[in-house]
Participant: 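Can you keep this structure in mind? I'll have questions shortly.
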There are 2 protein chains.
Amino acid sequence: IIQTIELSKSYQMGQEIIKALDEISLSINKGEYVAIMGPSGSGKSTLMNIFGCLDSPQSGTYLLNQKNVSQLPENDLAMIRNEEIGFVFQTFNLLPRISALENVALPLIYAGKNKKQRHKMALNALTQVGLANRASHKPNELSGGQRQRVAIARALVNSPSIILADEPTGNLDTKTSDEIMQLFEQIHQNGNTIVMVTHETDIAAHAQRVITMVDGRISTDVSNG
Amino acid sequence: IIQTIELSKSYQMGQEIIKALDEISLSINKGEYVAIMGPSGSGKSTLMNIFGCLDSPQSGTYLLNQKNVSQLPENDLAMIRNEEIGFVFQTFNLLPRISALENVALPLIYAGKNKKQRHKMALNALTQVGLANRASHKPNELSGGQRQRVAIARALVNSPSIILADEPTGNLDTKTSDEIMQLFEQIHQNGNTIVMVTHETDIAAHAQRVITMVDGRISTDVSNG
Ligand SMILES: Nc1ncnc2c1ncn2[C@@H]1O[C@H](COP(=O)(O)OP(=O)(O)OP(=O)(O)O)[C@@H](O)[C@H]1O
Ligand SMILES: Nc1ncnc2c1ncn2[C@@H]1O[C@H](COP(=O)(O)OP(=O)(O)OP(=O)(O)O)[C@@H](O)[C@H]1O
Ligand SMILES: [Mg+2]
Ligand SMILES: [Mg+2]
């Protein structure tokens, strides 16, 4: 479902060239649950942004459902981002001036749902992450872990078949983390694909396959069956 | 050095009253290294913001170095925040339009250091968190864990005697976390006071005392000598 062929991305800072991604080739099949680990700055978020069609590589190919993403028109890309992919950002990226419920409902506006449907589906997603009682709070009226969970609910609300989660439990206590892991487990058992960046081995243990990155390259790729 | 007497803080949301802090009484002595743990939404960041003189309680008393903070004039508070306390925010709070080096140097402007001193001290702090080679990057040109480390460097640059760190390793891999813990250990051995919110027991194990909060109250308070 996700395939990269010699994917590279560099940034130029004055005289220096930073290789964020260095010829990455990997394949992820439909229905897999993959964890990505690696040191700070090793390229994990950069790779996730390319998977999520939020950024494009400098060289190499990215195939999503066997289609070359760089050759798709913007309308197709927008639809893929809205209907097929749910993205949990490392820094949440919630809109500050609207409530948690409205933030979660945002993808449903693009999906053409009416107001009543949006309210129902958004409240359902918030309930799944334990935040039905915070629906009317704006992001600055929520704790760090609550904002993180609103970002997770927003990624799930349109029932996408691919979940891309960048450090989804970085701000959560053990009990709340377990609840999110159970939710992801359920989504995975429904046949969906999950790619999750995490720095915690306990969290990575929920996945079937762990890829580690170092300096923009893949260092190890281990499936535990 | 830090003492609270029946500290309370509530938020009113429509008809509902949310007790973020519910009559918290505790004392932290000079030179202690304390970890604060607890579920998402239990009041940890709210308590830390009051410790850091960034927020005020609704009722109860906060004594910092035996002075009642609520009775101090704003100038005194600003000086305390700048010289005595180093605060690492859960959401980093870096200024987006200036570089990592300039972000770290910011507290030194208030402290009256000249340009040459600021550059030297800021570069030193960045080196301590492993980011000397990212000094010229703006926050959006940094990874999540790099931004977190810039926030840590900024908190340390003025050598404050009290470090308040809210989830300082939430976005860091194990190796980088260990480096930050060694840095904190050094700061603690120099006689400074550290209060650190964390959701990871491995990180809390570096402290001498662990306080857990539940629903705005202190649930357990254990010193391991
Ligand atoms: N401005 C506000 N208005 C209303 N409620 C608020 C506001 N700020 C915080 N809260 C609520 O107060 C409670 C405590 O928040 P706090 O940020 O202190 O939690 P926390 O323990 O730091 O959580 P986390 O581990 O998720 O970071 C939360 O339930 C939150 O929803
Ligand atoms: N716009 C940019 N300009 C220059 N360098 C950049 C830019 N964006 C990212 N980088 C660099 O690219 C590298 C990879 O960044 P990336 O965010 O993918 O790391 P990461 O593995 O997600 O790290 P973390 O675990 O800290 O979140 C980092 O060293 C970072 O400094
Ligand atoms: Mg990242
Ligand atoms: Mg918090």
Side-chain angles (χ1 to χ4, degrees), chain A residues 11-16 18 20 36-46 48 89-92 94 99 129-131 133-149 166-167 169-177 179-180 197-204 212-214, chain B residues 11-16 18 20 36-46 48 89-92 94 99 129-131 133-149 166-167 169-177 179-180 197-204 212-214:
Chain A
Y11 295 103
Q12 181 126 23
M13 299 291 292
Q15 296 282 22
E16 192 192 359
I18 295 171
I36 299 180
M37 305 188 77
S40 177
S42 52
K44 308 180 294 296
S45 296
T46 305
M48 292 286 274
F89 293 88
Q90 189 170 8
T91 47
F92 322 154
L94 302 177
S99 70
V129 298
L131 287 177
N133 62 356
R134 289 286 182 276
S136 60
H137 288 232
K138 294 196 180 62
N140 70 341
E141 296 169 334
L142 294 172
S143 76
Q146 289 167 347
R147 286 177 213 168
Q148 186 156 39
R149 284 183 279 158
D166 198 344
E167 293 283 359
T169 64
N171 280 285
L172 301 178
D173 58 285
T174 312
K175 178 160 175 292
T176 315
S177 279
E179 290 165 15
I180 295 301
V197 172
T198 180
H199 69 267
E200 293 180 67
T201 37
D202 303 356
I203 299 295
T212 56
M213 290 180 65
V214 175
Chain B
Y11 295 103
Q12 180 127 22
M13 299 292 292
Q15 297 282 21
E16 193 192 357
I18 295 170
I36 299 181
M37 305 187 79
S40 178
S42 53
K44 307 180 295 296
S45 295
T46 304
M48 293 286 274
F89 292 89
Q90 189 169 10
T91 47
F92 322 154
L94 301 177
S99 69
V129 298
L131 287 178
N133 61 355
R134 289 285 183 277
S136 59
H137 288 230
K138 294 197 179 61
N140 69 342
E141 295 168 334
L142 293 171
S143 75
Q146 290 167 345
R147 286 177 213 168
Q148 185 156 39
R149 283 183 280 159
D166 198 345
E167 293 284 358
T169 62
N171 279 286
L172 301 178
D173 57 285
T174 311
K175 178 160 176 292
T176 315
S177 279
E179 290 166 13
I180 294 302
V197 173
T198 181
H199 69 268
E200 294 180 67
T201 37
D202 302 357
I203 299 297
T212 56
M213 290 179 66
V214 176

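On a predicted model such as this, the values are computed, not experimentally measured, just so you know. Lettering of chains follows the sequences in order, A, B, ..., and the numbering in each one begins at 1.
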Participant: Taking all non-hydrogen atoms of both residues, which atom of A:Gly145 and which atom of B:Gln90 are closest, and how far apart?
Facilitator: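 Shortest heavy-atom contact: N-NE2, 4.1 Å.
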Participant: Distance check, rounded to the nearest 0.5 Å: B:Asn133 atom CG versus A:Ile18 atom CD1?
Facilitator: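 Going from CG on B:Asn133 over to CD1 on A:Ile18, the span is 7.5 Å.
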Participant: So A:Glu200 and B:Asp202, do their side chains get closer than 4.5 Å, heavy atoms only?
Facilitator: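 No, side chains not in contact.
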Participant: Grab the two heavy atoms, one from A:Leu172 and one from B:His199, that are nearest each other, plus how far apart they are.
Facilitator: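 That would be O-CD2, 2.8 Å.
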Participant: Side chain, backbone, both or neither: which part of B:Ser45 has a heavy atom under 4.5 Å from chain A?
Facilitator: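 No part of it gets close to chain A.
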Participant: Calculate, to the nearest 0.5 Å, the distance between atoms NE2 and CD belonging to A:His137 and B:Glu16 respectively.
Facilitator: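 Going from NE2 on A:His137 over to CD on B:Glu16, the span is 6.0 Å.
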Participant: When only pairs under 4.5 Å are counted, which of A:Gly38, A:Pro39, A:Ser143 shares the most heavy-atom pairs with chain B?
Facilitator: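 The answer is A:Pro39.
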Participant: What option among A:Ser177, A:Ser40, A:Ser42 has the most heavy-atom pairs under 4.5 Å with chain B?
Facilitator: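 Sorted descending by pairs with chain B, the first entry is A:Ser40.
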Participant: So what's closer than 4.5 Å to chain B heavy atoms on A:Thr169: side chain, backbone, both or neither?
Facilitator: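 Answer is backbone: N, CA, C or O of A:Thr169 sit under 4.5 Å from chain B.
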Participant: The criterion is side-chain hydrogen bond (donor to acceptor under 3.5 Å, both in side chains); which residues satisfy it with A:Thr212, sequence neighbours excluded?
Facilitator: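 side-chain hydrogen bond (donor to acceptor under 3.5 Å, both in side chains) list for A:Thr212, sorted by chain: A:Thr220.
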Participant: Tell me, for A:Gln146 versus chain B, whether the close heavy atoms (under 4.5 Å) come from the side chain, the backbone, both or neither.
Facilitator: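 Both parts, backbone and side chain.
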Participant: With sequence neighbours left out, write down each residue that passes side-chain hydrogen bond (donor to acceptor under 3.5 Å, both in side chains) with B:Lys175, or none if nothing qualifies.
Facilitator: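 B:Lys175 satisfies side-chain hydrogen bond (donor to acceptor under 3.5 Å, both in side chains) with B:Glu179 only.
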